[in-house]
Protein chains: 2
Amino acid sequence: MALPASAKPLRADAERTVRAILEAAERVLSTNPAAPMEQIAEAAGVARTTVHRRFASRESLIAALAAWATQRFHDAVEAARPDTAPPAVALYQVTANVLHVKIGWGFAMGALPTDAPEVARVHAAVLAQCERLFTRLRDAGLLRPDTDLDWARRVYYALIHEAAAEAPDTDAAVDTLATRVVDTLLHGIGTSATP
Amino acid sequence: MALPASAKPLRADAERTVRAILEAAERVLSTNPAAPMEQIAEAAGVARTTVHRRFASRESLIAALAAWATQRFHDAVEAARPDTAPPAVALYQVTANVLHVKIGWGFAMGALPTDAPEVARVHAAVLAQCERLFTRLRDAGLLRPDTDLDWARRVYYALIHEAAAEAPDTDAAVDTLATRVVDTLLHGIGTSATP
DNA sequence: GCAAGTTGCAACATCGGTGTTGCATGTTCT
DNA sequence: AGAACATGCAACACCGATGTTGCAACTTGC
């Protein structure tokens, strides 16, 4: 309906504007989800009417933001080849890749109602991917045989969410965070092994 | 300013209304933080004007909701005697108590801007309490000596948040969840001990 | 039972955000 | 250079949420 991408080949000029608006929306809405269009426009360095020209309604802007972030999310997971790489490697790689995206698009990825079927579909796909990866990890003996995979997945998501809150987006920083996330996920923060 | 408690001894009648409104606000706002006062009033079974009579503005309703939940939060932590009980026991007890409160007041406790100094103060106090408990756990040899206490605390909060998402508020269910949270916090979901 | 307090209802004023239009001034692309 | 496109600006209509008031009917507490 109001999808700006793949509808008409936008002029280079306008394309930059769209990007600026999406990035501004991420920044502004992450600190105040109810912020008016005016603030987003201002943060993007454009007039309010321009925002409305690119996104018919506030709703469609939100939808586009969600779609954009979701696509990046999906790409980040796929790039780690979670179905074919050795499970331990895949876990680390997925973690690092997703962290990289989530730093900078955290709001759009997390605190956004995914009404759009497009977005929900991708999220479901990634969820299934995650489920498969965890199964492979369990079969490889890295997770306890009786692991509740749903709980495991939710803990994993939560740890990534927490780690992403520490802003820096350097490659080194991302690797440090990913290491910490994977280590905490597998071993917790305690000293002893599982009883 | 707009604190309905301890200002004037409200009539039993009105007290019930205030409670109903706060509970309704929790329910409604948790599914839609931007929901209009009308919906909250409807959910509470009162007229919109009544809500305005008890809470001068939307802002003050939010503030009262945050204050109410924060108080319960604080009480839940204190009831576990985290400074005097054996650290392992305290950890479990705090977890169970907080889970009990967080199920049912999750929105007010988590997704609420804590502008009020009252609320911020209590949150800071609980945070310090948590820090002390984790130090005691570390000194008791239950956490690795090199543990990043800030990361540990954030993981702990995140796990509680996740666990609280599973609605049931039975004593048995809370104990099951608390066990899972503590176990995951200390040992993660992997098989082997820390390398 | 009576006074004080509480609620629902209807009506009103107000405000801020949303979305639209027209036009003049740039910018892009070929 | 010229056509097509993009943007800023100003003005407007509109809507829904907020907050207020007055009054009649009811409940609570003593």
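Protein chains get the first letters and strands the later ones, always in sequence-line order, with residue 1 at the start of each.
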Discussion item. Any side-chain N or O of A:T17 below 4.0 angstrom from OP1/OP2 of D:dA6?
Written reply: no
Practice prompt. List the steps, then state whether side chain to side chain contact (heavy atoms under 4.5 Å, CB included) holds for A:K102 with A:I160.
Written response: CA-CA 8 Å; A:K102 186 140 187 171; A:I160 289 180; 4.3 Å; yes
Discussion item. Nearest to the side chain of B:D13, heavy atoms from C-beta on, is which of C:dT6, D:dT18, C:dC9?
Written reply: C:dT6
Worksheet entry | Length of the line joining A:F55:CZ and D:dA6:P, which is rounded to integer Å | 13 Å
Fill in: hbond_proxy B:R53 side chain to D:dG19 base (donor-acceptor, 3.5 Å cutoff)
no
Item to complete: Quickly work out the A:R19 CZ to D:dT7 P distance and round it to whole Å.
Response: 15 Å
Worksheet item: Taking B:Q39 for the side chain and B:V28 for the main chain, is one N or O donor matched with an acceptor at less than 3.5 Å?
Response: no
Practice prompt. Take the protein atom CG of A:N32 and the nucleotide atom C1' of C:dG16, then report the distance between them rounded to whole Å.
Written response: 14 Å
Response to the item:
Rounded to whole Å, the CG-C1' distance (B:L61 to D:dG19) equals 14 Å
Worksheet entry | Protein-nucleotide distance (B:L10, atom CG; D:dT28, atom P), rounded to Å | 14 Å
Worksheet item: Checking side chain to side chain contact (heavy atoms under 4.5 Å, CB included) for the pair A:E78/A:F73: CA distance, chi angles, key distance, verdict?
Response: CA-CA 9 Å; A:E78 284 306 312; A:F73 179 37; over 6 Å; no
Item to complete: Can you figure out which of D:dT21, D:dG19, C:dT7 approaches the side chain of B:T49 most closely?
Response: D:dT21
Discussion item. Quick check on D:dT7: is either OP1 or OP2 less than 4.0 Å from any side-chain nitrogen or oxygen of A:T50?
Written reply: no
Worksheet entry | DNA chain D: 5'-proximal contact among B:A12 and B:A35 (nearest heavy atom) | B:A35
Worksheet item: Under the 3.5 angstrom rule, does the side chain of A:S30 hit a backbone N or O of A:F107 as a donor-acceptor pair?
Response: no
Discussion item. Could you tell me how far apart B:R58 (CZ) and D:dG16 (P) are, to the nearest whole angstrom?
Written reply: 16 Å
Worksheet item: Taking the six-membered ring for Trp, are B:F134 and B:Y156 parallel (under 30°), tilted (30 to 60°) or perpendicular (over 60°)?
Response: tilted
Item to complete: Starting from C1' on C:dC29, measure out to CZ on A:R16 and report it in whole angstrom.
Response: 13 Å
Worksheet item: Looking at C:dT20, C:dT28, C:dA11, which one has an atom nearest to any side-chain atom of B:R48?
Response: C:dA11
Discussion item. So, under a plain 3.5 Å distance rule, would you say the side chain of B:R11 forms a donor-acceptor pair with the base of D:dT27?
Written reply: yes
Discussion item. Output the rounded distance in Å from CZ (B:R54) to C1' (D:dT18).
Written reply: 19 Å
Worksheet entry | Selection from D:dA10, D:dT20, C:dG19 that lies nearest to any side-chain heavy atom of B:H52 | D:dT20
